[in-house]
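None of the values given here were measured: they were computed from a predicted structure. Below, chain A is the first sequence line, B the second, and so on; all start at residue 1.
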2 protein chains.
Amino acid sequence: MKWDTLDEEPCSLSRTVAVVGDRWTLLILRECFLRVRRFEAFQSSLQITRHLLSERLKKLVRFGILRRVPYSESPKRYEYILTQKGLDLYPIIMAMVHWGDTHMGDERGRPLLHEHKTCGKLFDPVMVCSECGEPLHAKQVHVHAGPGRREAVG
Amino acid sequence: MKWDTLDEEPCSLSRTVAVVGDRWTLLILRECFLRVRRFEAFQSSLQITRHLLSERLKKLVRFGILRRVPYSESPKRYEYILTQKGLDLYPIIMAMVHWGDTHMGDERGRPLLHEHKTCGKLFDPVMVCSECGEPLHAKQVHVHAGPGRREAVG
DNA sequence: TTTGACAGTTCTATTTTAGAACTATAGCCT
DNA sequence: AGGCTATAGTTCTAAAATAGAACTGTCAAA
């Protein structure tokens, strides 16, 4: 597999996987959504090697998911903040958290609970159809080739 | 990082990442949702090495995401079918496809279109709150420690 | 009896990751 | 002035994972 051009495959899943499809990147994004922004903070909460952290942050900046913003002149220091493109990854992260809650739980219960400020309740995320609003299930979906399809890939 | 015990971390995202948090596994799951079931079919559509395919399929079976079902006695041959636990990964896959459609598209348009059989329309997936039904955004969510939380992880 | 399909396993070379040490800038303390 | 600390990285070597190709075993069909 040519991982270096995976983001140009005629498949939206491949393109997403090219950007966020590895363990460390997903864990870094979790920290971002928990409002972690600084190199040392990522490093100490994840126990990731500094080398890989540096490399992954660069990649996320390169793909426009994080912005590297100075928070101190002299000495120049930067923090990493989610862009809108990065914030839009929220459904992916939440879908993964929800699946983990549902299928990988233990007797101690959930690690985190999520409150929807808008309605004030603890919630779970639900994926619905943009057209009819009903919850979506794999078996109710039919896939068609779209205009950007080249070959026999999804 | 102790990747071998990531599925026991007190964090639902980590536990999910432990199971589906790598490139090949996500691409294999895409094929599963496109109704690919057999070793040779996965191998030829993904161009994954047979070694890794074998290893990943075993892992997905071990975690209860695929079932290895015989479709021929003599010679014994098996195919790999999504369990309910595997089908429940659909929101993760669809959220990734949707993000790719939105943020990684090119001038050729979408590779695939999705039709909701229930309502008959082409749709996008939307993540909503289970309690009030409104679309969810990261900034409207407040996180609380749940009973299964041990330390300062999500 | 030979060929081909299918579902793997085994082997070596290359790439990626882990782990630790090192660099650079600047503020603060004595 | 000299040394300590904080932050944000870079560099180095060893270990682990992946790529790529060849090989194995079972059976059916020609």
For atom [atom1] of [X] and atom [atom2] of [N], their distance in whole Å:
{"X": "B:Q43", "N": "C:dC6", "atom1": "CD", "atom2": "P", "result": "12 Å"}
{"X": "B:L53", "N": "C:dA7", "atom1": "CG", "atom2": "C1'", "result": "10 Å"}
{"X": "A:D4", "N": "C:dT14", "atom1": "CG", "atom2": "P", "result": "17 Å"}
{"X": "A:L52", "N": "D:dT11", "atom1": "CG", "atom2": "C1'", "result": "14 Å"}
{"X": "A:F42", "N": "D:dT7", "atom1": "CZ", "atom2": "P", "result": "14 Å"}
{"X": "B:Q47", "N": "D:dA19", "atom1": "CD", "atom2": "P", "result": "12 Å"}
{"X": "B:L6", "N": "D:dA17", "atom1": "CG", "atom2": "C1'", "result": "16 Å"}
{"X": "A:R23", "N": "D:dA17", "atom1": "CZ", "atom2": "C1'", "result": "11 Å"}

Hey, does [X] reach any base, or is it just sugar-phosphate, or nothing, if we go heavy atoms under 4.0 Å?
{"X": "A:R56", "answer": "sugar-phosphate"}
{"X": "A:R68", "answer": "sugar-phosphate"}
{"X": "B:Y71", "answer": "sugar-phosphate"}

Exercise for the section: Specify whether B:H142 and B:H144 have parallel, tilted or perpendicular ring planes, treating 30° as the upper limit for parallel and 60° as the lower limit for perpendicular. Expected result: perpendicular

Handout entry: Plane angle bin for B:Y90 and B:F33 - parallel if under 30°, tilted between 30 and 60°, otherwise perpendicular
Key = tilted

Practice task
Answer whether the closest heavy-atom distance between the side chains of B:L60 and B:I28 falls below 4.5 Å.
Solution key: yes

Handout entry: Short side-chain N/O contact from A:W3 to OP1 or OP2 of C:dT16, under 4.0 Å
Key = no

Practice task
For C:dC6, take OP1 and OP2 only and decide whether either is under 4.0 Å from a side-chain N or O of B:Y80.
Solution key: no

Just compare [options] and give me whichever is closest to any side-chain atom of [X].
{"X": "B:W24", "options": "D:dA8, D:dG9, D:dA19", "result": "D:dA19"}
{"X": "A:S54", "options": "C:dA7, D:dT10, D:dA8", "result": "D:dT10"}
{"X": "A:K58", "options": "D:dT10, D:dG9, C:dG8", "result": "D:dT10"}

Protein N or O to nucleotides 20-29 of chain C N or O, pairs below 3.5 Å:
{"unit_1": "C:dG27", "atom_1": "OP1", "unit_2": "A:S74", "atom_2": "OG", "d": "3.4"}

Exercise for the section: Using atom types as modelled and distance alone, determine if a side-chain donor or acceptor of B:K85 lies under 3.5 Å from a backbone N or O of B:F63. Expected result: yes

Exercise for the section: Indicate yes or no for a side-chain donor-acceptor contact from B:T83 to the backbone of B:R67 under 3.5 Å, with no hydrogens or angles considered. Expected result: no

Handout entry: B:T49-B:H51 side chain donor-acceptor pair, cut-off 3.5 Å
Key = no

Handout entry: Residues A:R37 and A:Y80: side-chain donor-acceptor under 3.5 angstrom
Key = no

Handout entry: Closest-nucleotide 5' rank along DNA chain C - winner of B:E79 and A:I48
Key = B:E79

